Asker: 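Here it is: the structure, laid out below.
Given the structure is predicted, the values throughout are model-derived calculations rather than measurements.
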Amino acid sequence: MIGRARIGRGGLIGTAARTAVIAGTATATTGAMARHQQRKMYEQQAEYSAQQTAPQPVYAEPAPAPAEPAGGGEDLYAQLQQLGQLHAQGILSDEEFAQAKAKILG
């Protein structure tokens, strides 16, 4: 039996080959996971950046309506027209518009 290699075991070269395959697989898997995480991070950063550069709606409290002078029908019309423009521009929400309109109309 001297000089014959054992059957079923690869000896030192077989062990080294198996170790190399396992190490290569582990390296490839680790690299793939790292690339996936990096891609995901870049996508999240791009999404965050897009949100930051998008124009944000500006919400402001409606200006208090000045007291209506006697016989000020035209002034009332101008106030309602200005209020409608603020609502159309998106500066006032529907609720704010309704409240300000009710205040003007008394």
Side-chain angles (χ1 to χ4, degrees):
M1 294 241 165
I2 298 178
R4 294 182 67 173
R6 293 184 184 178
I7 298 176
R9 294 187 185 183
L12 183 60
I13 294 176
T15 301
R18 279 192 300 279
T19 302
V21 169
I22 292 170
T25 303
T27 301
T29 302
T30 302
M33 289 174 59
R35 285 188 300 275
H36 174 72
Q37 289 175 345
Q38 192 173 30
R39 189 177 326 118
K40 189 174 181 181
M41 181 183 69
Y42 287 141
E43 289 172 359
Q44 288 174 347
Q45 286 177 346
E47 183 179 323
Y48 178 76
S49 177
Q51 289 175 352
Q52 295 303 316
T53 58
Q56 301 293 324
V58 178
Y59 297 105
E61 291 293 320
E68 182 179 330
E74 291 180 25
D75 187 46
L76 180 67
Y77 178 74
Q79 289 177 358
L80 289 173
Q81 191 173 27
Q82 181 182 12
L83 191 63
Q85 288 174 350
L86 292 173
H87 183 253
Q89 292 172 355
I91 295 173
L92 295 177
S93 68
D94 292 337
E95 183 178 292
E96 292 170 333
F97 174 75
Q99 289 174 353
K101 183 176 146 186
K103 188 183 282 187
I104 290 172
L105 296 175

Asker: Let me have the donor-acceptor pairs involving side chains of residues 32-41, under 3.5 Å, with sequence neighbours excluded, atom names and distances please.
Answerer:
unit_1 : atom_1 : unit_2 : atom_2 : d
Arg35  : NH1    : Gly31  : O      : 3.4
Gln38  : NE2    : Tyr42  : OH     : 3.3

Asker: Provide the full list of side-chain hydrogen bond (donor to acceptor under 3.5 Å, both in side chains) pairs with a residue in residues 81-92, sequence neighbours left out, each pair given once.
Answerer: His87-Asp94
Asker: Measuring from Leu92:CG to Leu83:CG, what's the distance to the nearest 0.5 Å?
Answerer: 6.0 Å
Asker: Inspect the surroundings of CD in Glu95 and state if more than 12 heavy atoms from other residues, nucleotides or ligands are less than 6.0 Å away.
Answerer: no
Asker: Name every donor-acceptor pair, under 3.5 Å, that has one atom in a side chain of residues 22-29 and the other anywhere in the protein, sequence neighbours excluded.
Answerer:
unit_1 : atom_1 : unit_2 : atom_2 : d
Thr25  : OG1    : Val21  : O      : 2.9
Thr27  : OG1    : Ala23  : O      : 2.9
Thr29  : OG1    : Thr25  : O      : 2.9

Asker: Nearest 0.5 Å, please: how far is CD1 in Ile91 from CZ in Phe97?
Answerer: 13.0 Å
